[in-house]
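These notes are about the structure you will find just below.
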Amino acid sequence: MKIEEKISQTVAGALKELYNLEASDQMIQLQNTRKDFSGDITLVVFPFTRFSKKSPEITATELGEFLKNEVEEVEDFNVVKGFLNLEINSRYWIRNLQEAWSEELFGVTIPDENAELIMVEYSSPNTNKPLHLGHIRNNLLGYSIAEILKANGYQVVKTNIVNDRGIHICKSMLAWQKWAKGETPESAGKKGDHFVGELYVEFNNHYKEEINELMAKGLSRKEAEEQAPSIREARDLLLKWENGDEEVVKLWQTMNNWVYEGFDSTYKKMGVDFDKIYYESETYLTGKEEVIRGIKEGIFEQRNDGSVWVDLTADGLDNKLLLRSDGTSVYITQDIGTAKMRFKDYEIDKMIYVVGNEQNYHFQVLSVILDKLGYNWGKGLYHFSYGMVELPGGKMKSREGTVVDADDLIAEMIQVARNMAQELGKLDALSSEEAERTYEMIALGALKYFILKVDPKKNMLFNPLESIDFNGNTGPFIQYTHARIQSVLRKAAEKSLSLKATLPKFPAQISVKEKELLKRVAQFPEVVKEAGVNYSPAVIANYCYELGKEYNQFYHDHPILAENDDPTRDLRLLLSATVGKVIKTGMKLLGIDVPERM
RNA sequence: GCCCCGAUAGCUCAGCUGGAUAGAGCAACUGCCUUCUAAGCAGUAGGUCAUGGGUUCGAAUCCCGUUCGGGGUACCA
């Protein structure tokens with residue numbers, strides 16, 4: 001049994017015996033003792049003073065005496081105001097450490113076949129432009145949360161819905177037809193997604209000019225946007241696509257494939273992957289069918305102009321368009337179809353959508369609509385709503401060219417990591433491939449940690465002028481700590497200090513600082529659980545930093561491999577190895593690799 | 001207009017379901033590479049937790065008002 005539980009139960013017994021109080025779990029508040037006070041676990045006694053009818057100090061002392069007698073691990077206690085600080089004996093913490101080390105997957109629960117199946121949708125790109133920093137946040141969060149859920153014992157299917165259909169890709173197609181002169185990514189020497197993205201920008205530039213010209217002729221902006229030749233031609237393409245025009249469909253396939261090649265390389269670089277990919281072109285018809293079924297069943301309403309609507313005012317929402325008057329589908333139509341297909345393909349217990357908070361309303365609507373269509377899982381869908389990445393000037397806008405391109409950013413970070421490592425002469429001993437691999441690990445570690453350490457729900461700021469740090473509270477700091485630990489373990493092995501052999505010999509007392517570290521390590525399983533419950537990689541990121549920092553602070557000037565110092569040295573060695581293991585596990589849940597040396 | 005979210009050090013962020021003196025990193029300044037990796041360690045300085053009320057033994061945390069910022073809001077995705 002965990003010590004907290006044991007204390008909690010004993011306190012409940014004490015309250016009954018001493019003050020005749022049936023205390024609820026809520027009343028018994030245990031917390032880690034603050035660093036500035038001595039003790040390990042603190043009980044807050046204020047809530048009991050009403051019943052003890054004694055001062056907080058006396059109440060705390062009485063409870064302290066009781067615990068000291070009843071719980072063998074409680075060695076001593078002290079009282080500060082209404083806080084009862086309990087000191088837990090070293091043996092308990094050392095036993096904890098030994099367990100942590102001997103458990104193959106400390107803190108991680110492996111899902112069995114009966115575990116709940118959760119589908120996590122993330123990434124979900126449009127195929128008309130390359131990925132930018134906003135997508136990076138999405139991808140990293142999606143991947144990490146999937147890993148965290150797995151570590152909490154769920155089966156997880158990672159999925160991606162590619163928005164490969166619609167007016168946006170037609171715009172790029174039109175630009176290619178008109179201005180590309182038969183160029184391909186290969187002939188242009190460009191990554192496929194960037195190639196297509198540039199065509200999209202080119203379309204928009206022409207489109208903008210046309211709008212200005214028409215407005216100069218006296219049309220309103222809305223009329224001009226509607227009547228510009230470019231947009232008409234793009235719509236025409238969309239119509240041809242929907243009618244299966246052979247040439248158009250072929251071009252569509254070709255251009256999408258260019259983009260996919262580009263995306264794949266970016267995904268690979270980021271280290272994210274998917275178990276199942278859906279394409280909007282394959283799901284939107286299902287969505288339409290569902291909407292039509294909804295009309296027949298009287299859930300939705302078709303207006304005179306042919307558009308289809310759903311009235312959600314009874315659910316506190318508005319009226320929502322489901323099909324345009326020309327019969328084409330909108331965003332939510334596709335989500336309905338995709339949801340249906342997914343639940344047909346997998347026995348999903350829970351569906352999680354990793355999508356930005358600008359779509360909070362959309363997912364409220366989707367949830368209600370799916371419920372109305374008779375899917376009992378509609379109500380239970382979870383929108384993992386994350387904040388936007390902002391630039392100092394405000395939101396990233398592709399139209400204004402203020403996006404931070406994913407590939408550029410990653411390449412730049414690798415370059416910085418390389419320069420820095422070479423300057424420090426860090427990896428001179430490694431082969432150039434190994435060194436290159438390590439630079440990437442460090443660069444990606446910095447980027448991923450930078451993104452994942454902040455609360456997913458909140459907007460975050462990225463300043464392109466101040467490149468992402470490699471010092472301080474960063475991924476590389478944690479990687480560095482891990483690398484140092486590995487170095488210590490290598491040196492220990494050279495001295496034939498085997499970890500297993502040292503297990504039984506431990507000192508009776510350990511230093512306060514080391515106990516802090518032991519306690520921190522023991523906390524790891526709870527941290528993983530908390531991250532799972534709150535869908536927050538940030539919880540793990542911040543934990544890894546705290547752990548690494550405490551380790552560095554203590555062992556920076558306390559030798560681990562001191563001679564003639566057996567029991568203490570063995571403990572330090574075991575503690576180091578365990579900290580290394582926990583860091584590696586934690587970072588893996590963030591999708592961050594840790595190098596053996598750096 | 002209506003709905004949702006946010007505001008903590010110069011900057012970027014932590015602060016768990018209310019608990020002890022508000023926590024890191026960056027930037028600035030001071031020390032430390034004959035000691036297991038200096039991507040590090042030790043230290044100095046920096047705060048009216050936007051603001052005004054309320055709840056309570058106790059509020060950065062919960063409730064209400066105000067200001068500022070962000071997002072959404074019926075044929076974009």
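Throughout, protein chains are lettered first and strands after them, A, B, ... in sequence-line order, and every chain is numbered starting at 1. Small disclaimer: the values here were computed from a predicted structure and weren't measured.
Within the 4.0 angstrom heavy-atom criterion, only backbone atoms of the sugar-phosphate kind lie near A/Y361; the bases stay farther away. Within the 4.0 angstrom heavy-atom criterion, only backbone atoms of the sugar-phosphate kind lie near A/M388; the bases stay farther away. If you check every strand for non-hydrogen atoms under 4.0 Å, A/N128 touches nothing. Looking at heavy-atom distances under 4.0 Å, A/H558 makes contact with a base. Residue contacts for A/Q29: at a heavy-atom cut-off of 4.0 Å it reaches a base atom on one of the strands shown. Here A/M460 lies in heavy-atom contact (under 4.0 Å) with sugar-phosphate atoms only. At the heavy-atom level, A/R50 lies nowhere under 4.0 Å from the strands shown. Among the protein residues, A/V330 comes within range of the sugar-phosphate backbone only, with heavy atoms under 4.0 Å from sugar or phosphate atoms but none that close to a base. Counting any heavy atom pair closer than 4.0 Å across all strands shown, A/A492 reaches no nucleic acid atom. Nucleic acid contact for A/T42: base, since at least one base atom lies under 4.0 Å from a heavy atom of the residue. Nucleic acid contact for A/Q359: base, since at least one base atom lies under 4.0 Å from a heavy atom of the residue. Within the 4.0 angstrom heavy-atom criterion, no nucleotide atom of any strand lies near A/K457. Residue A/K81 is in sugar-phosphate contact alone, with no base atom involved, counting any heavy-atom pair closer than 4.0 Å across all strands shown. In this structure, A/L561 reaches the bases: a heavy-atom distance under 4.0 Å links it to at least one base atom across the strands shown.
Stacking between A/F46 and B/G19 is shown: the ring centroid lies under 5.5 Å from the centre of the six-membered base ring, and the planes differ by under 30°. Stacking annotation: A/F477 is not stacked on the base of B/G40 (requires ring centroids less than 5.5 angstrom apart and an interplanar angle below 30 degrees). Residue ring and base: A/Y480 does not count as stacked with B/G40 (centre distance below 5.5 Å and interplanar angle below 30° not both satisfied).
Using a 4.0 Å cut-off between charged nitrogen and carboxylate oxygen, A/K372 and A/D315 count as a salt-bridge pair. For the pair A/K129 and A/D193, the salt-bridge criterion is not met [side-chain N within less than 4.0 Å of a carboxylate O]. Ionic pairing of A/K395 and A/E390 is not present here: no N-O contact between side-chain nitrogen and carboxylate oxygen is shorter than 4.0 angstrom. The pair A/D593-A/K448 does not meet the salt-bridge criterion, since no charged nitrogen lies less than 4.0 angstrom from a carboxylate oxygen. Under 4.0 Å is where a charged nitrogen must lie from a carboxylate oxygen, and between A/R418 and A/E440 no such pair does. The existence of a salt bridge linking A/R34 and A/D36 is confirmed by a sub-4.0 Å separation between a basic side-chain nitrogen and an acidic carboxylate oxygen. Ion pairing between A/E226 and A/R235 holds under the 4.0 Å rule for side-chain N and carboxylate O.
Using the six-membered ring where Trp is involved, A/Y284 and A/W241 have ring planes that are tilted, between 30° and 60° apart.
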Please walk me through it: do A/D164 and A/N256 pass side-chain hydrogen bond (donor to acceptor under 3.5 Å, both in side chains)?
-> CA-CA 7 Å; A/D164 61 343; A/N256 270 338; 4.5 Å; no
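The shortest distance between the side-chain N/O atoms of A/R324 and the OP1/OP2 oxygens of B/A77 is below 4.0 Å. A close approach under 4.0 Å does not occur between any side-chain nitrogen or oxygen of A/N357 and OP1 or OP2 of B/C4. OP1 and OP2 of B/A77 both lie 4.0 Å or more from every side-chain N or O belonging to A/R165. The phosphate of B/G23 (OP1 or OP2) has no side-chain N or O of A/K549 nearer than 4.0 angstrom.
Judged by closest nucleotide on RNA chain B, A/Q26 is the one of A/N473 and A/Q26 placed further toward the 5' end. Between A/L30 and A/H168, it is A/L30 whose nearest contact on RNA chain B lies nearer the 5' terminus.
Remark: the separation of the P atoms in B/A27 and B/U12 is 15 Å, to the nearest Å. Spacing between B/C33 and B/C49 at atom C1', rounded to whole Å, works out to 40 Å.
For the residue pair A/Q359/A/Y331, the side-chain donor-acceptor check at 3.5 Å is satisfied.
When the nucleotides B/G40, B/G72, B/A20 are ranked by their closest atom to the side chain of A/E358, B/G72 comes out on top. Here the side chain of A/K458 is nearest to one of B/C4, B/A14, B/G40, namely B/A14. The listed nucleotides are B/A77, B/A39, B/A24; the one nearest the side chain of A/Y545 is B/A24. When each of B/A20, B/C36, B/A77 is scored by its nearest atom to the side-chain atoms of A/V488, the top-ranked nucleotide is B/C36. Taking only side-chain atoms of A/M598, from C-beta outward, the nucleotide of B/G19, B/G71, B/A39 with the closest atom is B/A39. The side chain of A/L424 lies closest to B/A39 when the candidates are B/U37, B/G72, B/A39. The side chain of A/V44 sits closest to B/G19 out of B/C75, B/U37, B/G19.
Of the residues in residues 437-456 of chain A, A/I442, A/V454, A/D455 come within less than 4.0 Å of RNA chain B through at least one heavy atom, sorted by number.
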For RNA chain B, the expected dot-bracket line (Watson-Crick or G-U under 3.5 Å, [ ] crossing, | inter-strand) is (((((((..((((.....[...)))).(((((.......))))).....(((((..]....))))))))))))....
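For A/S307 against B/A74, a side-chain-to-base donor-acceptor contact under 3.5 Å is absent. Interface remark: the A/D305 side chain does form a donor-acceptor pair with the B/C75 base, using a distance-only criterion of under 3.5 Å. Judged by distance alone, with hydrogens and angles left aside, A/N459 brings no side-chain donor or acceptor close enough to the base of B/A7 to form a pair under 3.5 Å.
The OH atom of A/Y551 sits 21 Å away from the P atom of B/A24 (whole-angstrom rounding).
For A/F363 and A/Y353, the ring centers sit closer than 6.0 Å to each other.
Contact check for A/R572 versus A/V488: no side-chain heavy atoms found under the 4.5 Å cut-off.
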